[in-house]
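All remarks here apply to the structure that follows.
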Amino acid sequence: MLTCINAPDGPEIIVCCGSGGVGKTTISAAIGLHGALSGKKTIVLTIDPAKRLADSLGLKRFEADAQQVPVENCIVGKDSPGSDAALYAMMLDAKHTFDQLIARYAPPEFQKKILKNRYYQHLSNNMAGSHEYMAMEKLYEIFNQNEYDLIVLDTPPSRRALDFLEAPQRMLNILGHNFFMRMFKPYLKAGRWGVRFLNIFASPVLKGVSKVLGKQVLDDLSGFMQLWDDIMFDGFSRRATAVKELLAGNKTLFLAVSTPQRLPMDEAIFLSKKLLLNEMPFGGFIINRVNFCDSDLEKQGFDPDKVFENTRIDPGLKEKLIAAHNNILKMAENDARSVKRLIDKTGLEKNVLQIPFADSEIVGLNDLYRLSRFFTR
Amino acid sequence: MSAKTKAKTKDGLRIAGDKRASIAGSSVTKEPVDSWLDRLLSRRLVFVMGKGGVGKTTISIALASVAERLNKKILLAEIGDTDAIGRLYGNKTLTEVPLRLTQHIWGARVDPKAELEAYVRAHVTPGFIAGKIIRSRLFEYLFDATPGLKEVMCLGRLWRWEKEENSPARATYDLIIVDAPATGHAMSLLRLPDLLINMIRVGPVANQIRGLQRLLKNRQKTSLVLVSLPEELPVNEAVEFYSMAEDTLDMPVAATFINCVYPVAFSRMELQQMASIESSARDFPFSAVNKLIAAARILIRRQSDQQKHIKEIHAKSTGHIQEIPFCFTNDLTINQIRELSSFIRHHH
């Protein structure tokens, strides 16, 4: 499914979406490795990798710069990657990225004020959408550095796979300078140092709101918007528009990652429909941790008595072995049904890649390498 | 302990939690009548927390079903927009108004916006100004822009349900079980009162926040339950959650449910027997018996991976740990969840 990575005009950005807990980070890393092994200088932007995976990628917590992944450490049989395979990884951190942007774009005399503003602190840390927004900022920054042939973006964990696309816009609506000014301008009055304050008495609506929320909230908000307004917002909205265009263009490929469970599958289906509706480039589904039953016992007409005919075995163990086999079979059937449902609902049979449930947990580069081989099919 | 763990189990489907319970039972005299489960269900408010996809809704409903048998009136409150509870109860759509799902269980969805509107109407006079505020774009804007406002409104709704009485001194609901939002950071919701009290200091919302803080920190009234999976990331998050719940929130986790635990199906003797069958049939690697053993090995491997993670939870957790057996399905039905609830009742 991802053979297009090899092509010279293949995607330059791959965005992995999906609900939390489906293995997005691992899949993103494996796609990154696949890209690097295909000869592209690749970077994986990841959110919160499991500790051992982060270790194998050479990532350290609180380290915000790109780290080169020691690909040469990964040797599977004789098939070791060439030395020119370059893979980088970077950990995204919303608060850090926000602060970096302030340091880069805000004049020094305003920086402290912004960083100390209570509203800013919430915005950069807790506000819904701030992680998604920052992922986009970083994506744009790295794309424009023109240093990498391929960027793989692992989206922030959320229940709804689509949050990644919608949250930044919601956030920009809030930070939107025009939007803010249109509503608040009539009530802003000049303060002593040229900073305008919110005159809540000018509007019964504001007065009512301040009665419920308290005036402090409005003051923090308007104080922040004053700083934001003059210095920052233009850049933010310009970049957001540019990122949107970038994501909708032919350089990008969206992938929906899921496991066969009901909720993530529904999210993946929803995501694909929404992307296609908006004419965004949808690459397909990666269904992770699919159970397959290699045993063909069922087809042969499975008769437990016959199977154990020539084997001396404890009757209790015999029953347990049959039960275990039936459970494996049941999981495989469930997963097959779940994948069939996905295909029936989307009609995208050719764009479904199933990754079998791994024999062991994927923690090392060799595990990632084995995983990445599925993308060549 | 290891000698007892080795003890042969009669039933292949017995799970690890089962075993552990019997171990505890043999070293400590019988569990006190007032078990962790009784204590948990005697609270007013139970938050079911955890990473996305670990099974919070399943555990919420299972707990409600256990409480139902104690003749309690339960409200299952869903925060977020997934509709998971309603879907399980015959595709119902839950709203702000509690809907009766079974004889003892009601279900509702917390709608922060409706709650804020109710606030404005209650505190702003005259009424036409309140209406004007609610309809204004500015209100819409502030609702989105004020950090934590949505979350605090969610908590406010829960607070009001907790206070609700259908006759004097008779609470409408004995127990409110909250299927908490599946954000990566389940903490933020419960941390909000502490954070917001610095931002919103006066006015009715501030008063509500103080009331909320009192309710949340009262350990006789509110408990946190954590749901996790025996996998690396959920366990890491659980471990982080324990210390934050205790230190930052001052609301220690009362119980942890480890979901989807593969059954410990084979005793050591059985494993030995399997190995000897395999080696004697080495010339027939594709014989039916070997295929059966190979299938069993898949489960054994997964089960032993899981046990490593479960051990870590045991090392770090506060409160009781309850393992929930994996049901070998992708989509639990309400009846399967009820079966899990009888499992919890019998194995706690």
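In what follows, every chain begins at residue 1, and chains take the letters A, B, ... in the order their sequences are listed.
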- Query: Does any heavy atom of chain B fall under 4.5 Å from the side chain of Pro260(A), the backbone, both, or neither of them?
  - Reply: both
- Message: Which residue is it: Val227(B), Leu233(B), Leu229(B)? I am looking for the one with a side-chain contact (heavy atoms from CB on, under 4.5 Å) to Lys51(B).
- Response: Leu233(B)
- Where on Ile129(B) is there a heavy atom nearer than 4.5 Å to chain A: the side chain, the backbone, both, or neither? side chain
- Item | Selection from Gln261(A), Met265(A), Glu319(A) maximising heavy-atom pairs under 4.5 Å formed with chain B | Gln261(A)
- Item | Region of Ser136(B) that comes under 4.5 Å of a non-hydrogen atom in chain A | side chain
- Note on the structure: The interface call for Val363(A) against chain B, heavy-atom contacts under 4.5 Å, is side chain
- Query: Which residue, Ile27(A), Thr46(A), Thr26(A), forms the side-chain contact (heavy atoms from CB on, under 4.5 Å) with Asp154(A)?
  - Reply: Thr46(A)
- With chain A, which of Glu232(B), Lys132(B), Arg87(B), Glu231(B) has the greatest number of heavy-atom pairs at distances under 4.5 Å? Glu232(B)
- Query: Once you round to the nearest 0.5 Å, how far does CZ of Phe128(B) lie from CZ of Arg135(B)?
  - Reply: 10.5 Å
- Query: Between Asn291(A), Val22(A), Thr25(A), Asp266(A), which has the largest tally of heavy atom pairs under 4.5 Å with chain B?
  - Reply: Asn291(A)
- Message: Checking the side chain of Lys316(B) only, and the main-chain atoms of Val239(B) only, is there a donor and an acceptor separated by less than 3.5 Å?
- Response: no
- Task: Cation-pi check, Arg302(B) to Phe326(B): give yes when NZ or CZ is under 6.0 Å from the six-membered ring centre and within 45° of the ring axis, no otherwise.
- Result: no
- Message: If I measure from the heavy atoms of chain B, does Asp359(A) come under 4.5 Å with its side chain, its backbone, both, or neither?
- Response: both
- Query: Quick one: CG on Leu321(A) to CG on Leu317(A), what's the gap to the nearest 0.5 Å?
  - Reply: 4.5 Å
- Message: I need the residue from Leu332(B), Ile134(B), Asn207(B), Thr329(B) with the largest number of non-hydrogen atom pairs under 4.5 Å to chain A.
- Response: Thr329(B)
- State whether the side chain of Glu270(B) and the backbone N or O of Ser267(B) hold a donor-acceptor pair below 3.5 Å, judged by distance alone. yes
